[in-house]
Amino acid sequence: AESPGPPRDWRTWESPPSQRAAGAPLTTEDVCFEIVRPRTRGSRGALFETVPTELTGPCSVFVSHTWKYAFGDVVSALEDAELGESTVYWFDLVMNS
């Protein structure tokens with residue numbers, strides 16, 4: 001059997017996160033708990049706050065997703081939409097901390 005992925009912290013009001021098997025594709029939940037939250041733990045701020053201001057602007061597209069979507073599929077769908085390089089996405093995942 002494969003070992004579980006890294007341990008996950010969650011807030012007391014949230015449902016405990018699932019645990020992905022080592023090597024399994026990342027879901028948006030996995031990206032949140034394995035990348036976003038560890039990266040923002042020290043600042044307790046949103047990942048968005050680390051984005052250079054020249055790469056931000058008024059939102060033109062809201063990205064809706066579920067925790068269980070494969071993150072690569074979400075990114076591929078956005079790329080396939082061909083909305084242009086000037087499109088500013090509101091992807092709530094980068095607002096997590």
Approximate separation, where rounding is to 0.5 Å, of [X] [atom1] and [Y] [atom2]:
| X | Y | atom1 | atom2 | result |
| --- | --- | --- | --- | --- |
| C32 | F71 | SG | CZ | 11.0 Å |
| S64 | W90 | OG | CH2 | 13.5 Å |
| E34 | R39 | CD | CZ | 15.0 Å |
| T56 | F48 | OG1 | CZ | 5.0 Å |
| T28 | I35 | OG1 | CD1 | 11.5 Å |

- Task: Classify the ring geometry between W67 and F33 as parallel (under 30°), tilted (30 to 60°) or perpendicular (over 60°).
- Result: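 Tilted: the ring planes of W67 and F33 meet at 30° to 60°.
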- Taking only residues two or more places apart in sequence or in another chain, which ones pass side-chain contact (heavy atoms from CB on, under 4.5 Å) with P52?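 Checked P52 against side-chain contact (heavy atoms from CB on, under 4.5 Å); matches are E54, L55.
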- Query: In chain order, what residues pass the side-chain contact (heavy atoms from CB on, under 4.5 Å) check against Y89, with sequence neighbours excluded?
  - Reply: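 Result, side-chain contact (heavy atoms from CB on, under 4.5 Å) vs Y89: V61, V63, L78, L83, T87.
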- Query: Is V51 reachable from V88 through a run of I, L, V, M, F, W or Y residues, each pair having side-chain heavy atoms under 4.5 Å apart?
  - Reply: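 Different clusters: V88 never reaches V51 through Ile, Leu, Val, Met, Phe, Trp or Tyr contacts under 4.5 Å.
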- Message: Would you say that more than 12 heavy atoms from the other residues, nucleotides or ligands in this model lie under 6.0 Å from the CZ of F91, or not?
- Response: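 Buried by this count: over 12 neighbours within 6.0 Å.
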- Going by atom types alone, do D30 and T27 pair a side-chain donor with an acceptor below 3.5 Å?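 Checked: D30/T27 side chains pair up, N/O donor to acceptor below 3.5 Å.
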